[in-house]
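Okay, structure first, notes after.
Predicted model only: the values in this text are computed from it and were never measured. Computed from heavy atoms alone, side chains included, the values below leave out hydrogens, waters and symmetry copies. One-based numbering, in listed order, for ligands and for the atoms of each.
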Amino acid sequence: MSSLTMVKVTNIWTAVREDPGINCCSEVHIEANLPFRYRVDTAPRLVRVYVLGATANLPEGKILVRDGLVGQIEVRNYGGQVEVEISLEHRSTADILWTRPQMPARLTLRFDRQFLRVLFGDKVVVIDPGHGGRDFGYRGPVNLWEKDVVRHTAHRLADILGRCGSTVVFTRSGDETVPEKRRIACARENGAHVFVSLHTHWSANPRVSGPAVLFNPLGPGSEEMASLVSAALVEKVRLRPRRSRADPFLRLLGPVPGLLVEVVTISDWVEEGLLRSSRFHQKVAEGIFNGLKDYYCKTRGRG
Ligand SMILES: [Zn+2]
């Protein structure tokens with residue numbers, strides 16, 4: 001085969017898709033310079049796509065996805081073909097279709113995210129964007145205010161949970177002052193399965209940085225949830241976490257499981273800068289969601 005007609009896999013990317021008329025799904029797209037022949041092997045939680053007579057025109061190795069269903073994708077050149085191994089975190093069925101038969105050719109695998117609806121569909125999540133109104137929270141060195149940045153993360157998190165069928169309630173919808181007691185009452189009145197308060201940390205010590213996940217010591221499972229959320233958050237944002245601990249404000253929740261996520265340390269120049277990126281807010285939201293998902297998976301059937 002001449003190099004002109006050799007198939008080159010040029011790009012592999014993923015997206016979570018929710019359009020009217022189709023179930024919410026995770027998509028994996030495999031693009032090449034030409035339409036290609038392929039073979040698919042499936043096993044529980046694993047799908048391998050072999051692109052035949054092809055080479056990978058992208059780096060071999062692992063791509064971390066963690067979108068709630070697709071865990072990672074590994075790309076390998078292997079005996080004149082490209083192997084794309086998709087690891088799933090849960091069982092799912094895949095539809096395989098050409099979404100772009102012309103050049104560049106694109107094969108799309110569409111994985112049903114129904115399992116996440118089973119896991120989250122019955123959950124009420126109260127999201128508490130910290131501060132607001134006259135209460136500005138902490139300020140970063142280049143003038144970002146905590147009360148503003150946490151709202152961005154809150155909306156991203158609500159979007160992800162909403163797509164999984166959760167009922168999401170905000171303790172504040174705009175820039176209003178909300179007393180702590182009102183926030184707590186919101187969780188209790190709505191029968192929250194979990195209360196997630198969003199904040200940033202601040203420190204006069206320039207060496208202090210990173211996120212931390214605090215928990216309600218009176219809420220069953222909250223400590224375990226905090227440690228899973230912290231791990232999943234760090235996996236997404238790639239910052240070194242600070243230590244998890246019990247939080248006095250969250251005690252007011254009584255038996256309602258609760259977390260207080262300090263998404264970054266806003267006094268750190270670099271971390272304040274991250275808050276200007278909408279991609280970063282998305283990553284934080286995905287991290288928190290993944291941690292909650294890990295917790296609900298683990299405790300499923302524990303009664
Ligand atoms: Zn705060």
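Remark: the Glu262 side chain and the His199 side chain contain no N/O donor-acceptor pair separated by less than 3.5 Å. A donor-acceptor pair shorter than 3.5 Å cannot be found between the side chains of Asn216 and Ser222. Under 3.5 Å, the side chains of His29 and Glu27 contain a donor-acceptor pair of N or O atoms.
Legend: protein N/O/S atoms lying under 2.8 Å from the Zn ion (ligand 1), waters omitted, number 3.
Scanning all heavy atoms of the two residues, the minimum distance from Leu250 to Leu259 falls at CD1-C, 3.6 Å.
Relative to the six-membered ring of Tyr296, Lys123 meets both conditions, a distance below 6.0 Å and an angle of at most 45° to the axis.
By the 30° and 60° cut-offs, the orientation of the rings of Phe170 relative to His155 is tilted.
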